[in-house]
Every structure is written in structure tokens, then in C-alpha cells.
Amino acid sequence: QVQLVESGGGSVQAGGSLRLSCAASTYSVSSIHMAWFRQVPGKEREGVASISPGGSSIDYADSVKGRFTISRDNAKRTVYLQMNSLKSEDTDMYYCAASRLGAWVRTPLRPYEYNYWGQGTQVTVSS
């Protein structure tokens, strides 16, 4: 079982930045694909960014390319999402997700690829 705890959300004005963190409570994350999703009530959970276990493969949603950067520190068992040039439409609850140990993730921005989820952290961008 992997427990994920997000932090770093908050309120910011449009054009500002936030950095989200996700700490995993497992012994090692070096074989786990990790990702960030976002969702507002009543809408489908949207994949924002994903990163492979070693960090060599990264995917972004078109809506965040050039503005968001995902990274990971396996020694700290933590994944990050740096969000710059925030827009009001980025307002959402953001969730961290982790795959099963050693899983081959074929579609890294789809929720069904992930078995473990954090509780979410709210990001609010005011215009």
C-alpha cells in the first residue's frame, strides 16, 4: 500500500506560481510511475503531468505545456509540480497518483493507470 500526501496548494493571482509536492509513504518509489491530475466536482479527472520511475519519460497535458514542470526526487520519495504563469482555468483540486510497483504505464495521463491517490490539494487562481 502506498500513501500519498500532497502539499503546496493555495490561492494565487493569475500569472503567479505555485509548487506542489507529493510525498509517498513507501520504502522506495524508484519503480513507480507518478503523475498529477486535477478535477473539479462533476467533471472527469484530467491528467496534468506524469513522470516515469527514472524521470526519463515525461508527459504533459496540452493545456499546461510550457507552464508546468513535473520532477521527482526518488531519494526523498517525492514528486513535484512547478506551476508557472497560472491562469484562472487552472483552478482545481490537484491529486497526486502512483502506479503499482513496476507497472508498465502505457497511457500515463489516464486515471486508470494509477492505483494509489492522494487526498488532493486545492489550487485557486484569481484573475
[X]-[Y] co-clustered via ILVMFWY side chain contacts under 4.5 Å:
X: I70; Y: L18; value: yes
X: V123; Y: V40; value: no
X: Y80; Y: L4; value: no
X: V5; Y: V2; value: no

message: With a sphere of 6.0 Å drawn around CD of Q119, does it hold more than 12 non-hydrogen atoms of other residues, nucleotides or ligands?
response: no
- prompt: Does CD in E89 sit with more than 12 non-hydrogen atoms of other residues, nucleotides or ligands closer than 6.0 Å?
  reply: yes
field: Pairs where residues 82-127 contributes a residue and the test disulfide bond (SG atoms under 2.5 Å apart) is met, not counting sequence neighbours
entry: C22-C96
Give, for atom [atom1] of [X] and atom [atom2] of [Y], the distance between the pair rounded to the nearest 0.5 Å.
X: R110; Y: S50; atom1: CZ; atom2: OG; answer: 12.5 Å
X: R72; Y: S21; atom1: CZ; atom2: OG; answer: 13.5 Å
X: M34; Y: L81; atom1: CE; atom2: CG; answer: 12.0 Å

So do the side chains of [X] and [Y] get within less than 4.5 Å of each other, counting heavy atoms only?
X: Y60; Y: L109; value: no
X: E46; Y: S63; value: yes
X: W36; Y: E6; value: yes
X: I32; Y: P53; value: no
X: H33; Y: P108; value: yes

task: Kindly write out the residues that satisfy side chain to side chain contact (heavy atoms under 4.5 Å, CB included) with Q82, not counting sequence neighbours, or none if the list is empty.
output: S17, R19, T69, N84
message: Suppose we screen for side chain to side chain contact (heavy atoms under 4.5 Å, CB included). Which residues come up paired with A103, at least two apart in sequence or across chains?
response: S99, R100
So, [X] side chain and [Y] main chain: donor-acceptor pair closer than 3.5 Å or not?
X: S52; Y: S57; value: yes
X: D73; Y: A75; value: yes
X: Q13; Y: S127; value: no
X: Q122; Y: G10; value: no
X: T124; Y: S11; value: no

message: Check this for me, if you would: do D90 and R67 make a salt bridge, where the nitrogen-to-carboxylate-oxygen distance has to be below 4.0 angstrom?
response: yes
- prompt: V105: which other cluster members, linking ILVMFWY side chains closer than 4.5 Å, directly or transitively?
  reply: F37, M93, Y95, Y114, W117
query: Cation over ring, R106 on W104, under 6.0 Å and within 45°?
result: yes
Verdict with supporting geometry, M83 and L20, side-chain contact (heavy atoms from CB on, under 4.5 Å): CA-CA 8 Å; M83 305 185 295; L20 305 184; 3.7 Å; yes
- prompt: salt bridge (Lys or Arg N to Asp or Glu O under 4.0 Å): which pairs involve residues 53-66, sequence neighbours left out?
  reply: D62-K65
- prompt: Do we see a donor-acceptor contact under 3.5 Å between the side chains of T26 and Y116?
  reply: no
message: I'd like to check the salt bridge (Lys or Arg N to Asp or Glu O under 4.0 Å) partners of R77; sequence neighbours left out, ordered by chain and number.
response: none
